[in-house]
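Proteins get letters first, then strands, A, B, ... in listed order; numbering begins at 1 in each.
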There are 2 protein chains.
Amino acid sequence: MSWRKETRRAERGYHHGNLKEALLQAALGLIAEKGAAGFTFADAARMAGVSAAAPYRHFRDRDELLSSIAQRGFEQFEARLTAAWDDGRPDTVTAFERVGRAYLAFAREEPAFYNAMFESGLPVDANPALQAASERAFNIIRAAAERLAALAPPGTPRPPAMMMALHIWSMAHGVASLFSRGDAARRKLPMSPDELLEAEVLIYLRGLGFPTDRRPPAKSAEPPPVPPEASSGSGVPPGGPWGKPK
Amino acid sequence: MSWRKETRRAERGYHHGNLKEALLQAALGLIAEKGAAGFTFADAARMAGVSAAAPYRHFRDRDELLSSIAQRGFEQFEARLTAAWDDGRPDTVTAFERVGRAYLAFAREEPAFYNAMFESGLPVDANPALQAASERAFNIIRAAAERLAALAPPGTPRPPAMMMALHIWSMAHGVASLFSRGDAARRKLPMSPDELLEAEVLIYLRGLGFPTDRRPPAKSAEPPPVPPEASSGSGVPPGGPWGKPK
DNA sequence: CAGCTCATGTGAACGGCTTTTACATGAGCC
DNA sequence: GGCTCATGTAAAAGCCGTTCACATGAGCTG
């Protein structure tokens with residue numbers, strides 16, 4: 001492999017090697033630590049061992065660095081949602097809920113990305129590339145909603161997939177941003193953010209007439225993957241989507 | 001008129017009169033305009049016509065000004081939610097939805113407050129007074145959820161009110177923060193944020209087994225306030241909570 | 001009214017940040 | 001070896017937050 005060339009460029013490199021990447025990594029750490037508002041360009045430069053002016057060779061200004069991080073964040077976000085969706089396997093509802101959990105997991109595990117993407121206040125629509133990346137991520141949710149909507153029980157009006165996608169997104173974002181991160185996460189909750197979102201989505205899907213007769217925390221041994229039966233019977237699962245107050 | 005007395009009491013202030021209030025107002029305007037992150041202490045001072053050091057006679061630092069605004073925001077928020085809830089009149093479900101709309105209306109009409117309260121990244125739990133104000137506001141939603149939970153149709157497990165409250169809050173916050181404010185609001189949506197949230201809440205409530213057979217924009221003449229019928233029949237209202245693509 | 005006191009406001013100063021500009025350096029190519 | 005250009009530095013301007021010594025004048029006391 002071309003390790004040699006890499007080593008000569010990256011490590012032995014002239015002034016720094018790959019300052020751009022170093023700055024992105026440094027910024028990522030700083031944002032995770034102090035939030036997008038607290039992060040400073042100068043700090044990132046210091047952390048990379050260069051002067052305060054050096055970053056301007058790679059980013060027009062501080063905002064462009066932030067945008068780059070958000071962009072990367074949306075790409076990773078999309079990748080994780082795609083993996084979670086897994087093209088609707090083993091069944092649409094299960095996969096759909098997995099997407100919800102992946103959303104929360106991303107918010108929790110990648111606070112810096114999430115912060116840059118959703119809480120930094122940078123104008124997403126000002127940067128076309130950023131907006132496109134954001135849309136690609138959303139499209140995963142949208143595609144999943146599309147598949148779900150197609151499964152709407154017969155006899156019920158088919159819900160618009162776009163609306164469902166927006167609803168799910170707002171739930172996931174609401175839970176993530178209110179209860180799953182930073183200081184706000186310290187509110188004492190009767191259940192974990194994951195359980196909260198899962199119950200919320202299940203109740204919502206039930207409201208649309210979908211069969212959701214699995215109990216969330218129960219690691220049920222996967223019964224026949226979505227027998228496409230009508231299920232328009234009672235619609236009320238025996239346990240309710242919220243866990244027992246253990 | 002009581003000009004005199006007013007002058008002596010309110011403007012009892014020395015040089016400026018009531019700089020504290022002036023600073024709060026100035027900050028409010030600046031935050032609405034440029035966001036909590038963009039707002040500067042010096043700018044507020046300038047706007048009030050005093051030196052950059054003057055504000056420190058009234059606020060320990062910039063963060064304390066922000067906290068004061070958030071505090072005030074929570075108080076107004078609570079007042080508006082209380083008015084919207086109107087103790088559950090004319091019926092619980094209608095009042096509940098009105099609370100949701102009030103939430104969005106506040107986010108839209110008071111961007112500065114909303115920003116300081118939920119998007120400024122200030123540690124709510126670090127300031128006891130702030131946390132208390134925040135809790136008082138949430139308690140309105142909680143109380144409404146309590147009343148709603150008590151109406152749960154017989155034969156279905158009663159949903160925990162706290163969970164319902166958290167769900168509703170996350171929906172409202174999610175919609176507000178993704179679609180109803182600032183730059184993100186420019187995403188092209190198939191429906192208004194208000195309609196989006198209303199449909200979301202209706203579907204959710206239906207998922208819990210509540211009768212929600214009113215079409216959102218229809219000003220139905222209030223049939224017997226919440227007829228406690230089973231409703232576990234089909235559970236699927238004729239119209240669906242989403243509007244026709246008019 | 002004289003004078004004291006203390007809350008309130010000012011000006012100057014420090015350090016830090018962002019951004020620009022002129023200059024330095026060294027990598028890659030001939 | 002020498003050229004060129006990308007990459008990094010130093011210095012400076014301008015802004016902000018914050019502090020401190022000092023100024024001012026409102027209201028009380030006598």
Item to check | Geometric class of the Phe41(B)/Phe39(B) ring pair [parallel <30°, tilted 30-60°, perpendicular >60°] | outcome: perpendicular
Next on the checklist: Within the 4.0 Å limit for protein heavy atoms, which parts of nucleotides 17-24 of chain D are touched? Write it as a string from 5' to 3', B for base, S for sugar-phosphate only, - for none.
Outcome noted: SBB-BB-B
Checklist entry - Rounded to whole angstrom units, what separation is found between the NZ atom of Lys20(B) and the C1' atom of dA7(C)? => result 13 Å
Item to check | Separation of dT10(C) C1' from Leu19(B) CG (nearest whole Å) | outcome: 13 Å
Checklist outcome for this item: Separation of dT7(D) atom C1' from Asn18(A) atom CG, nearest Å, is 13 Å
Checklist entry - Considering residues at least two apart in sequence or located in another chain, which fulfil the side chain to side chain contact (heavy atoms under 4.5 Å, CB included) criterion with Asn127(A)? => result Ser67(A), Ala129(A), Leu130(A)
Item to check | Check: Glu200(B)/Ser170(A) side-chain N/O donor and acceptor closer than 3.5 Å | outcome: yes
Checklist entry - Could Arg72(A) and Glu110(A) be called an ion pair, given the rule that one side-chain N must be under 4.0 Å from one carboxylate O? => result no
Checklist entry - Would one find a side-chain N or O of His58(B) under 4.0 angstrom from OP1 or OP2 of dA7(C)? => result no
Checklist entry - Taking CE from Met47(A) and C1' from dG16(C), how many angstroms apart are they, rounded to a whole number? => result 16 Å
Checklist entry - Is it true that Phe77(B) and Tyr103(B) have ring centroids separated by less than 6.0 Å? => result yes
Checklist outcome for this item: When rounded to whole Å, the CZ to P distance for the pair Phe59(A) and dT18(C) reads 14 Å
Item to check | Salt-bridge criterion met for Arg80(B) and Glu109(B) (N-O under 4.0 Å) | outcome: yes
Next on the checklist: Nearest to the Ser51(A) side chain among dA10(D), dC17(C), dT8(C), which nucleotide is it?
Outcome noted: dA10(D)
Output one line per pair: protein atom, nucleotide atom from nucleotides 13-15 of chain C, and distance, for all N/O pairs under 3.5 Å.
none

Item to check | Pair Phe118(A) + Phe113(A): ring centers closer than 6.0 Å | outcome: no
Checklist entry - Judged by atom type as modelled, is there a donor-acceptor pair below 3.5 Å linking the side chain of Gln25(A) to the main-chain atoms of Glu21(A)? => result no
Checklist entry - Hey, does the side chain of Ser180(A) reach the backbone of Ala176(A) with a donor-acceptor pair shorter than 3.5 angstrom? => result no
Next on the checklist: Just the rounded figure in Å: distance from P of dC17(C) to CG of Leu30(A).
Outcome noted: 11 Å
